[in-house]
Amino acid sequence: MVWNIQFQVAALVLSLVVAAMCFNQKRLNFASELAFIRLLVGTLISISLDITSIVVINYRDRLPEFVVQFFCELYLLSIVLVACLSAWFAVAEISYKIKPIWRNLTVIPFIIETVVLILFKTGIHVNPEDGTVYTEGITVFITYVFCAFHIITTLIMVIWEKSVIRKRRRIAVYAWLVCWLAAGILQFFANELLLVSFVMSLAIVYMYCRLENPEYHLDFVENVFNKKGFHMLMEENIRFHRHKPLISISINNLNAINEIFGNKTVSAVITSVCAFLQDIPNTLIFRLEDNLLTIALESDKELDRVVDLVFKRMSFPWEIDQTQVQIETGISYLVDICDFESVDELEEVVHYFAYESGKTNDTPLLIDDEALEKRTRTLEIQHALEWAISNDAVEMYYQPIYNIREGKFSSMEALVRIKDENGKLIMPGDFIEYAEKNGMILTLGEMVFRKVCEFVRQSKIEDYGIEYIEVNLSVVQCMQDDLAKNFKNIMAEYGIPPHRINLEITETAAINTRYTLERNMDDLIAYGTSFSLDDYGSGYSNLTYMVGMPLKIIKIDRSITIAYDSSEKARVATEYTVDMVHRLGMEIVVEGIETEEQYLNFKKLGVEYIQGYYFSKPLPKERVLNYVREWL
């Protein structure tokens with residue numbers, strides 16, 4: 001009696017080790033993973049039957065013949081089953097595309113094998129020299145044929161659909177099929193080696209390490225799924241048209257928490273939030289970024305309840321080491337991921353609205369058709385801005401500012417416009433924010449300043465009674481240490497007298513970049529340029545900046561102009577503001593004047609300048625000087 005089961009025992013141990021690791025980890029249960037689990041179970045069954053068949057063959061003299069035949073043929077059938085499961089695993093990613101004929105090609109051989117095993121008896125060969133035993137005969141031959149058939153059809157399917165199968169997976173499948181084929185040929189010509197089970201186990205180990213290790217999809221720190229897991233599952237859901245909702249939570253004040261409490265508290269906060277989310281039934285939690293978590297739900301039936309649950313919990317502080325830590329979150333959610341054509345588009349949308357929801361955290365943001373249309377428009381504007389800067393499609397408009405004392409226009413404000421590829425004009429309110437966020441505002445700001453300097457030089461604005469042009473500075477520009485140096489160089493390049501330029505800053509810039517800005521202001525004022533504070537009254541209206549900064553003009557925001565007509569409090573506050581500004585030795589421009597009544601009201605207050613549609617809307621450079629000339 002010879003127990004030639006060394007390879008089978010080794011194969012069983014290897015497969016059990018893989019099974020222990022696989023079933024002990026969190027899984028996403030996408031198609032490929034489920035196909036692998038079925039293959040793993042099938043392989044364990046086949047190896048067990050291989051060992052069992054050898055045992056019953058060795059005890060064939062003591063057992064009924066039908067028992068020996070049953071286990072030998074059941075083992076042969078399991079080999080074909082594993083080959084069938086292997087084929088399905090190889091193409092699991094594209095099973096949604098496979099036509100019924102391919103499905104039948106994998107199932108029919110299994111049925112035929114069953115019939116053959118019923119009709120024909122499996123032979124048992126005993127080597128007279130060393131006593132080794134193995135099966136033989138027509139049933140074994142048919143088993144080899146069908147295994148080869150599965151290898152070939154699998155190879156054809158993978159090559160046929162290679163454009164939609166990931167390269168990493170294709171290479172792994174090719175290597176795996178070659179090993180199967182080599183082992184089959186070797187086994188066919190040397191039956192006594194009994195390599196099939198061992199090759200099965202090696203294939204399982206290889207595929208697990210190469211493709212199916214659940215650890216690849218996990219964030220080990222928080223025990224949630226990572227970005228790669230999100231990408232793979234959502235890609236499959238979209239491909240298979242599985243309608244799933246998503247909820248995203250963006251934690252927006254982690255930097256502030258880190259500065260106050262330290263990195264340990266930041267980690268504890270994220271851990272606490274993840275633990276809370278994982279307690280929500282029938283959900284999968286993904287960590288896409290350090291501060292961005294996403295919840296995938298099974299269906300939209302529980303969507304509203306889960307959104308409300310998460311929103312309410314995020315509004316309360318988290319207790320970390322006996323300290324109450326309040327987090328600021330933005331919550332956005334969408335009803336159906338299948339509204340998107342690809343997982344890349346879905347991921348872009350999730351990140352975009354995670355940022356948008358963080359702007360106002362007072363209510364969850366629904367990503368509906370209206371929100372998506374708005375995003376599309378924003379992306380179009382972003383593209384238009386990039387195109388305009390690259391193709392010099394930036395245009396300047398100028399709005400004349402009326403000098404009440406002199407009864408004519410004495411200055412103008414430069415206002416930037418851009419054109420898209422179709423020649424459509426886009427207003428600054430649509431693109432300035434994006435330009436500031438991505439750093440393009442510096443390039444755009446320099447282009448604007450150069451165009452204004454060119455306009456001043458070519459037009460000889462002093463001949464039209466225009467003393468200076470007002471140019472807006474963004475917050476980002478005010479943060480640059482070399483702002484004064486660059487602007488002086490540009491004015492010198494165009495031969496522009498510095499007193500022809502008045503630079504407008506905002507209260508936001510004054511607050512956020514005060515010290516850098518003041519250095520630049522002192523430098524430019526010494527050079528001959530003046531400064532205005534724009535949009536006064538639209539923000540905090542902090543008197544500290546008005547008093548402490550070297551400003552020539554205060555520009556009262558349009559919101560104050562409108563409120564002056566409708567609110568007694570606004571009227572009193574405006575009158576005191578005008579008096580205060582004059583007593584501080586500065587002049588006033590009132591913005592947003594659209595009616596004669598508004599004009600007369602502010603004229604009575606003694607302001608110096610009026611800007612608004614009552615006198616003129618912004619005009620292109622070709623028209624503005626002709627319009628100004630009419631008032632001379």
Side-chain angles (χ1 to χ4, degrees), residues 1-19 38-86 107-151 179-205:
M1 185 179 297
V2 178
W3 299 91
N4 54 329
I5 58 172
Q6 297 91 335
F7 284 119
Q8 289 83 345
V9 171
L12 184 61
V13 171
L14 285 175
S15 299
L16 287 173
V17 170
V18 171
R38 287 192 290 267
L39 176 59
L40 175 59
V41 172
T43 299
L44 285 169
I45 292 173
S46 183
I47 294 172
S48 300
L49 287 172
D50 190 5
I51 295 173
T52 304
S53 68
I54 293 173
V55 172
V56 298
I57 288 174
N58 276 286
Y59 285 100
R60 63 189 179 280
D61 295 335
R62 305 178 190 179
L63 295 171
E65 184 180 358
F66 78 89
V67 173
V68 177
Q69 283 291 312
F70 174 78
F71 280 104
C72 289
E73 294 184 353
L74 194 60
Y75 165 61
L76 294 176
L77 187 63
S78 73
I79 295 176
V80 180
L81 174 63
V82 170
C84 179
L85 293 173
S86 299
V107 176
I108 290 175
F110 183 75
I111 297 173
I112 296 175
E113 173 82 4
T114 304
V115 174
V116 170
L117 291 173
I118 293 173
L119 295 178
F120 297 94
K121 183 178 178 180
T122 300
I124 297 174
H125 177 82
V126 180
N127 190 321
E129 296 181 1
D130 57 14
T132 56
V133 295
Y134 53 85
T135 54
E136 61 180 3
I138 186 65
T139 56
V140 176
F141 178 77
I142 292 297
T143 300
Y144 283 122
V145 169
F146 284 147
C147 286
F149 174 81
H150 277 303
I151 292 172
C179 290
W180 259 90
L181 189 61
I185 294 172
L186 183 61
Q187 180 79 69
F188 183 79
F189 290 104
N191 284 331
E192 69 279 1
L193 292 179
L194 303 181
L195 290 173
V196 172
S197 291
F198 189 65
V199 172
M200 285 183 187
S201 66
L202 288 181
I204 286 292
V205 172

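From a predicted model like this one, the values you see are computed outputs, not experimental measurements.
Between the CG atom in Leu81 and the CZ atom in Phe146 there is a gap of 14.0 Å [rounded to 0.5 Å]. Expressed to the nearest 0.5 Å, how far OG of Ser86 lies from CG of Leu39 amounts to 4.5 Å. Note that CZ of Arg60 is 12.5 Å distant from OG of Ser53, once rounded to the nearest 0.5 Å. The distance from atom OG1 of Thr52 to atom CD1 of Ile47, rounded to the nearest 0.5 Å, is 11.5 Å. In this structure, OG on Ser78 lies 10.5 Å from CG on Leu85, to the nearest 0.5 angstrom. Of the inter-residue distances, the one linking Phe149 atom CZ with Ile142 atom CD1 reads 12.5 Å to the nearest 0.5 angstrom.
For Asn58 (side chain) and Ile54 (main-chain N/O), a donor-acceptor pair under 3.5 Å exists by modelled atom type. Within the 3.5 Å criterion, the main-chain N or O of Ile118 finds no donor-acceptor partner in the side chain of Glu73.
For the residue pair Val56 and Val68, the shortest heavy atom distance occurs at O-CG2, 3.8 Å. The nearest pair of heavy atoms linking Val82 to Gly42 is CG2-O, 3.5 Å. Thr139 and Phe120 make their closest contact through CG2-O, 3.7 Å (heavy atoms, listed as atom of the first residue, atom of the second, distance).
Between Thr143 and the options Val116, Ile79, Thr122, Leu77, a side-chain contact (heavy atoms from CB on, under 4.5 Å) holds for only Ile79.
Listed by chain and residue number, Leu14, Phe198 satisfy the side-chain contact (heavy atoms from CB on, under 4.5 Å) test with Leu202 (two or more places apart in sequence, or in another chain).
For the pair Ser46 and Asp50, the minimum side-chain heavy-atom distance is 4.5 Å or more. Between His150 and Val80, the closest side-chain pair of non-hydrogen atoms falls below 4.5 Å. Between Cys147 and Tyr144, the closest side-chain pair of non-hydrogen atoms is not below 4.5 Å.
Donor-acceptor pairing under 3.5 Å is lacking for the side chains of Ser197 and Gln8.
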